[in-house]
Protein chains: 2
Amino acid sequence: MTPARKRVTLRDVAARAEVSVAQASFALNGRGRVAPATIERVRRAAAELDYQADSRARRLRTGERSAYGVIIRNMRNPFFLDVLRGMEVRAHRQGAFLIILSSDYDVEREGAALRRLGTEGVGGVAIAPIGRHGPLTEWLPRHPDIPVVAFNCTSDPSVGRVSTVGPDDGVAITLALEHLRVRGHRGATLVMAPEGLAADWGREEEFYRRCAEWGLAGTVVRCPLDHAGVARMATERMGAGTGHEAFVVNSDYLGAAVYDAARALDLRVGRDVSVIAHDDLPTSALLAPGLTTLRLDRESLGDHVMRLLSEPGEPETVRLPVRLVDRGSVARLDG
Amino acid sequence: MTPARKRVTLRDVAARAEVSVAQASFALNGRGRVAPATIERVRRAAAELDYQADSRARRLRTGERSAYGVIIRNMRNPFFLDVLRGMEVRAHRQGAFLIILSSDYDVEREGAALRRLGTEGVGGVAIAPIGRHGPLTEWLPRHPDIPVVAFNCTSDPSVGRVSTVGPDDGVAITLALEHLRVRGHRGATLVMAPEGLAADWGREEEFYRRCAEWGLAGTVVRCPLDHAGVARMATERMGAGTGHEAFVVNSDYLGAAVYDAARALDLRVGRDVSVIAHDDLPTSALLAPGLTTLRLDRESLGDHVMRLLSEPGEPETVRLPVRLVDRGSVARLDG
DNA sequence: CCCCTCTGGTGAATCGTTTCATCAAGAAGT
DNA sequence: ACTTCTTGATGAAACGATTCACCAGAGGGG
């Protein structure tokens, strides 16, 4: 039945321990010269009053930044959850926490999120950008003291100070095309975000290079990277009847969209149409047939991102290992 | 090539516009009496200097709280992503943002997360608690002014001021058992978190009540609610060979674990074993057979949570509608 | 006896905002 | 001409912490 007390402040603690506010602060933080007896007294007073330092005030004074901003593209993609988890684990160890915003593949919102984080006194920003030369290019020079790490995108050399963490796209594309080639495929279709949004520019380049090298007919199609967008795109292409199509998509999440499209057209994945996805989400093994996918340790990705944010130094480009998990969503075309 | 400037403060803006700091603040916030000409001058100065108010300082002064804390149980469950998205959408409209922490089904971490949010000057806390009488019971009276909404758990009448949002468990259980009954099942197995952790106590009660009413043999098993835990539990029970087993689990995510276990034992879901899950995640339609599941609008859940946080009033219990999506993971036992 | 060091402690400045109380000066009312 | 209002503006006090600069006194050495 205690009446709704006001917030208990350091002043209250000091009063109760009969010392100055300064001494109380020192005692609790173990900074200045404080007699052991005093420390004890302050500690007890703090405990009795259930004192908790207001971290807004603390940070205002110290300039310390214990919040990190994360801007992800899509709150519905399980991929990001694991990345967040990796980040969160490390952040937790450091007593930091994450502010999570979603750009929803919208340049406006990406810009708004960046601005917000700028005023928030954040210790660093991790961003999965939705395109090159987006709002980030403007934002960066205005916040020269905030470390930035971009993940899941190829590094944009035009913005010097950002580190990059992502799958090794070169290896990924090579693995995928190799997998198709040895199964007798003569071509492949790489699914990417629409022109202005594509952040993984290097992937396309590598794709064409490998296709040329191995004599495959490489096609790049662009469509909105959500379930509906990919499903529609896949339906159109399969309906066009240009022969067997092998899709390489960005995420298992989108691989599932191809399954949907195939089912609607009465085609069978792994026989009439082939899919190679990225990510290896937990449910992908349970699809029928299982989804062949490029596996990446997502938590480790998050861990790297957080490491780069909290120990800033020279910009770094981390390419994480990728391996192909074959589950049968790619047809054998050579009998 | 501008040298790394110091942070631009309101004082700088005021100086440049040749007014007092107070007047500058008023001009930008449209509060006091300011001559139109002055407003214009201050605005321009702010724009030229690219001034952004430091929100830590602002909030320290105003006591305004534009951050909301979310404590989820498991960063790997896609369920929470949609909830977060629902929250984020509404938060974004209000200019607020989310601080996301994960309890990882660990009471210690749950407590730590709560304490952290307490010092963070957060405007409200949304929590998916991992058990009754957890750290929340201690925390609540210490922070009488912070609204709290619990989601995905049955309301605990012992803590008066928290609102609750979740699926209508009564309807959910009824739908599930009805589905089993009309397919000739004589029993059902409800999978729940271990004793100390179960936060959805009402579900169990309802389960027993319905089973009794319809003459079903109801069993409650408890195991860690992650993929491995459920897979192990399911393997054990199916291996015991006590006849056909029909599992009712908390989440599609865990339903998939039963599929795994069944496959390992060479049993077929929908024939040798039955599963009803909750959530209807996007991939569940693609399993073979499709997962029969209880659908809930997760974004709307998040929206409700955020609404209750930002417009606090009398504690409220929101039960969201649930409907059963039949995809064939329940066997027909009566031929 | 004087000077110096060391310990424990304090008042006040500071971080960047918002906002209260006050004020000057001109307009308006009587 | 004297009061009263209104407008535009200002200095300073918050918010709640950290920390700098200073101080009293005890003890030690010469």
Side-chain angles (χ1 to χ4, degrees), chain A residues 5-43 45-46 49-67 95 116 118-123 143 145, chain B residues 5-43 45-46 49-67 95 116 118-123 143 145:
Chain A
R5 311 152 284 184
K6 299 286 309 165
R7 181 174 233 308
V8 19
T9 145
L10 185 55
R11 202 198 314 280
D12 305 331
V13 175
R16 178 165 192 132
E18 296 176 302
V19 281
S20 68
V21 193
Q23 204 64 344
S25 170
F26 285 143
L28 292 176
N29 300 329
R31 289 256 165 167
R33 324 183 157 292
V34 190
T38 312
I39 295 195
E40 187 45 40
R41 216 155 13 109
V42 173
R43 285 242 176 88
L49 293 175
D50 192 35
Y51 166 75
Q52 307 258 91
D54 181 319
S55 33
R56 295 184 306 241
R58 177 208 302 272
R59 281 205 292 276
L60 173 57
R61 177 62 233 252
T62 59
E64 165 205 48
R65 300 148 177 284
S66 66
R116 182 94 65 84
T119 75
E120 212 49 60
V122 87
H143 301 269
D145 45 345
Chain B
R5 310 152 282 183
K6 299 287 309 165
R7 184 175 230 306
V8 174
T9 145
L10 185 55
R11 202 197 315 279
D12 304 331
V13 175
R16 176 162 193 135
E18 297 177 300
V19 281
S20 69
V21 191
Q23 204 64 343
S25 170
F26 286 143
L28 292 176
N29 301 328
R31 291 257 164 171
R33 324 183 160 293
V34 190
T38 313
I39 295 194
E40 185 45 38
R41 218 158 6 115
V42 173
R43 284 242 176 88
L49 294 175
D50 193 35
Y51 166 75
Q52 306 259 92
D54 181 320
S55 34
R56 295 184 307 242
R58 177 208 303 273
R59 280 204 294 275
L60 172 58
R61 177 62 233 252
T62 59
E64 164 206 50
R65 301 148 176 285
S66 66
R116 183 93 65 84
T119 75
E120 212 48 60
V122 88
H143 302 270
D145 46 346

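Every chain is numbered from 1 and lettered A, B, ... according to where its sequence line falls, protein lines coming before strand lines.
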Pair listing, side chain to side chain donor-acceptor pair (under 3.5 Å) test, anchored in residues 8-22 of chain B, at least two apart: B/Arg16-B/Glu48
Ignoring hydrogens and angles, tell me if any N or O in the side chain of B/Asp54 forms a donor-acceptor pair with the backbone of B/Arg56 under 3.5 Å. yes
Which nucleotide span of DNA chain C, 5' end to 3' end, has atoms closer than 4.0 Å to non-hydrogen atoms of chain B? C/dG16 to C/dC20
Which nucleotide in the set D/dG16, D/dT10, D/dT7 lies at the smallest distance from any side-chain heavy atom of B/Leu60? D/dG16
State whether the number of non-hydrogen atoms from other residues, nucleotides or ligands found under 6.0 Å of A/Arg65 atom CZ is greater than 12. yes
Evaluate the side-chain proximity of B/Gln52 to B/Val8: yes if any heavy-atom separation is below 4.5 Å, no if none is. no
Main chain of B/Ser55, side chain of A/Thr119: is a donor-acceptor contact present, judged purely on distance under 3.5 Å? no
How many angstroms lie between CG in B/Leu28 and CD in B/Gln23, if you round to the nearest 0.5 Å? 10.5 Å
A correct 5'-to-3' footprint of nucleotides 17-22 of chain D, with B, S and - meaning base, sugar-phosphate only and no protein heavy atom under 4.0 Å, is BBBB--
Have a look at B/Ser55 and say if it touches a base, only the backbone sugar-phosphate, or nothing, with a 4.0 Å heavy-atom cut-off. nothing
Would you say B/Thr62's side chain and B/Arg58's backbone share a donor-acceptor pair under 3.5 angstrom? yes
Taking the basic N atoms (NZ, or NE/NH1/NH2) and the acidic carboxylate oxygens, is any pair closer than 4.0 Å for B/Arg59 and A/Glu120? yes
